[in-house]
Every structure is written in C-alpha cells, then in structure tokens.
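To start, the structure under review is shown below, and the notes come after it.
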2 protein chains.
Amino acid sequence: MFATLEIGNGELMKKLELFEENQQEIASLAKVLSHPARIAILQFLASTPTCISGDISDYLPLSRTTVSQHLKELKSMGLIQGDVEGLKIKYCLNKEGIEKLKSVFGDLFEEITPLENKIC
Amino acid sequence: MFATLEIGNGELMKKLELFEENQQEIASLAKVLSHPARIAILQFLASTPTCISGDISDYLPLSRTTVSQHLKELKSMGLIQGDVEGLKIKYCLNKEGIEKLKSVFGDLFEEITPLENKIC
DNA sequence: AATTAATGACGTATGTTTGCGACATTAGAA
DNA sequence: TTCTAATGTCGCAAACATACGTCATTAATT
C-alpha cells in the first residue's frame with residue numbers, strides 16, 4: 001500500500017518515500033557540472049589536441065592539487081578518462097560518459113517542458 | 001598582455017585568470033539541479049495541473065521548511081515562479097528560465113562533443 | 001475581533017565541498 | 001643508482017549546503 005495524498009482538484013498522488021534512482025542520477029551528474037573549474041576542464045579537453053594533466057593545472061587559476069581533485073571527480077562520474085603515458089597522464093573526454101550525460105539531461109529537459117495552456 | 005602557456009605541441013593557450021562568466025553561469029544552473037529534491041519539484045510541477053506549495057511539501061519526503069528553501073533556490077535561478085493566490089501560493093515552471101536552462105546546456109553539450117578522430 | 005491555516009524567514013546543527021601544503025610514488029634522465 | 005619531474009593521496013581549515021524546529025506574517029473563517 002502506497003502513501004497517497006490529494007492534490008488540488010481531487011487527484012491522488014503517490015508520496016515519495018525516497019528520491020527516485022532517476023532523480024538521484026540527474027542530481028549526481030548535475031553536481032559534477034556545478035563548479036566552474038570542472039566546466040573549464042571539459043571545455044579545455046574538448047578544444048585542445050593534447051590533454052596532459054599538467055597543462056590543465058597550468059591553465060586553470062588553481063593549484064595542481066585542487067585540479068587533481070576536480071579531475072578525479074570528473075573521472076569518477078565517467079565524463080573523462082586518463083591514460084597513463086610513462087610519467088605523464090593524458091586526459092580526455094570519455095565518449096560514453098558524455099553521451100550518457102547528454103541523454104539524461106535531454107530526457108529531463110523533455111519532461112519539464114512547461115505546458116503552453118497552463119493556467120499559472 | 002595575457003599570461004600564456006605552452007601546451008603539448010607548441011601551441012599557446014591563455015591562462016584563465018578567473019573563471020569566465022559562461023562557466024559560472026553553467027555551474028550555477030547545474031548547482032540548482034544538483035539535488036534530487038529540486039529535480040523532483042521540477043518534475044512534479046511539470047506533471048500536475050495545480051501547484052500549491054503545500055502539495056509539494058506533502059509529496060516530498062522532507063519537511064515543509066526544507067521544501068520551502070529548495071523552492072526559493074529554484075525561484076532565485078528563475079526556473080520556477082510563485083504567484084500569490086490569497087493565503088496560498090501557486091508555483092509553476094517559469095517558461096523563460098526553463099528555456100534559458102535548455103539553451104545554456106545545449107550550447108555546452110555542443111561544445112564538449114569528443115572528436116571522433118582524436119588520439120586519446 | 002479572535003482563531004486557524006498557509007507560508008516565508010531566522011537560527012542552528014550537522015554534513016559536504018573546496019582549496020591547498022606536505023608527503024609518497026613512480027618513470028625516466030644523468 | 002641517484003636525481004628530477006609528473007602525478008596522486010592525506011589531512012586540515014574554511015566556506016557552503018542541507019535539514020528542520022520555532023517564530024512572524026498575513027488571509028480567510030468563525
């Protein structure tokens with residue numbers, strides 16, 4: 001048995017017990033995009049032919065340590081990948097992760113289209 | 001005179017002094033989407049004909065006070081609007097804000113398309 | 001006018017994120 | 001083998017986010 005509640009005009013609506021998978025997935029992806037440094041990193045990786053870790057921290061107005069953490073977060077959400085090349089590490093966008101990101105947000109954006117005829 | 005730095009193959013790249021407007025705007029919009037409650041609110045508003053504040057807090061597994069704060073954040077980023085109707089407040093999606101959101105993310109997603117032929 | 005209901009604002013406790021210096025690890029150069 | 005450079009990890013401090021109880025405000029009801 002679900003907990004339900006009545007909304008405005010007598011319709012019944014299921015009360016969320018917890019947030020849904022879907023909502024948590026969107027929120028996690030949004031969180032990784034919620035810092036300008038991480039946006040800058042994605043844009044940098046998309047626009048340069050090389051992608052050595054050190055180049056990224058030289059480019060950003062942040063310490064190497066801090067950039068390393070941002071890279072770790074982007075990697076943990078699958079948006080970038082890092083391939084070891086001797087002593088250096090080459091970072092680049094992860095095709096699958098970026099596609100996933102686009103599709104998840106695409107679905108959300110379709111879902112939240114305001115109705116033209118709504119009385120509000 | 002810009003600070004510059006050499007990347008990989010001898011190209012010069014401008015060092016960011018601060019994060020750019022563009023990057024900060026994307027990050028702020030992403031931040032407002034970075035909590036499952038706020039995603040749930042947007043979906044709820046898109047899917048119900050009415051949108052009284054109290055209905056939203058009844059629906060979510062959070063206290064009324066907490067929901068009120070999330071509504072405030074969504075409103076401050078222009079994604080929703082709240083119209084006073086006597087004692088109640090009717091919330092709904094803000095067409096302009098939602099369109100802005102879609103266009104900003106659309107631009108980002110176009111920008112960060114991984115190249116098919118990149119050696120990485 | 002007094003009561004009730006819907007709501008936002010304030011304060012505060014607890015948890016999370018960010019930024020960074022110091023240290024550890026490892027590949028290649030001397 | 002020793003030195004240097006590129007990188008990640010750890011631990012801390014400061015800033016920020018989240019959740020919520022209590023209080024204030026105001027509209028409608030009695």
If the helix axis at each end comes from five base pairs, how far does the helix from C/dA1-D/dT30 to C/dA30-D/dT1 deviate from straight, to 10°?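 About 10°, once rounded to a multiple of 10°.
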Atom-to-atom span, [atom1] of [X] to [atom2] of [N] - whole angstrom:
X: A/Asp55; N: D/dA6; atom1: CG; atom2: P; value: 10 Å
X: B/Ile41; N: D/dT18; atom1: CD1; atom2: P; value: 11 Å
X: A/Ile89; N: C/dT26; atom1: CD1; atom2: P; value: 12 Å
X: A/Lys88; N: D/dT4; atom1: NZ; atom2: P; value: 18 Å
X: B/Leu60; N: D/dA19; atom1: CG; atom2: C1'; value: 13 Å
X: A/Gln24; N: D/dT18; atom1: CD; atom2: P; value: 14 Å

Is any side-chain N or O of B/Tyr91 closer than 4.0 Å to OP1 or OP2 of C/dA6?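 The answer is no; no side-chain N or O of B/Tyr91 sits under 4.0 Å from OP1 or OP2.
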Would you say a side-chain N or O of B/Ser53 is under 4.0 Å from OP1 or OP2 of C/dA6?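 No, B/Ser53 has no side-chain N/O under 4.0 Å of OP1/OP2 on C/dA6.
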Would you mind building the protein contact string for nucleotides 25-30 of chain D? One character per nucleotide, 5' to 3', B for base within reach (heavy atoms under 4.0 Å), S for sugar-phosphate only, - for untouched. -BBS--
What one-letter contact string describes nucleotides 15-23 of chain C from 5' to 3', where B marks a base within less than 4.0 Å of any protein heavy atom, S marks contact via sugar-phosphate atoms alone, and - marks no contact? --SBBBBB-
Expected output: side-chain B/Ser28 to main-chain B/Gln24 donor-acceptor under 3.5 Å: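 The answer is yes, because a donor-acceptor pair under 3.5 Å joins these two groups.
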For B/Thr113, give me all partners under side chain to side chain donor-acceptor pair (under 3.5 Å), at least two apart in sequence or on another chain.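 Per chain and number, B/Thr113 pairs via side chain to side chain donor-acceptor pair (under 3.5 Å) with A/Lys102.
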Which pairs count as salt bridge (charged side-chain N to carboxylate O under 4.0 Å, His left out) when at least one residue sits in residues 27-37 of chain B, sequence neighbours excluded?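 Residue pairs with at least one partner in residues 27-37 of chain B: there are none.
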So which pairs with a foot in residues 66-79 of chain B pass salt bridge (charged side-chain N to carboxylate O under 4.0 Å, His left out), sequence neighbours left out?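 As it turns out, the salt bridge (charged side-chain N to carboxylate O under 4.0 Å, His left out) pairs with a partner in residues 66-79 of chain B, which skip direct neighbours, are B/Arg38-B/Glu73.
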Regarding B/Thr65 and B/Ser68, is there a side-chain donor-to-acceptor distance under 3.5 Å anywhere?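 Judged by distance alone, the side chains do not pair up.
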SB check A/Lys100 A/Glu96 (cutoff 4.0 Å):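 No, no charged N to carboxylate O under 4.0 Å.
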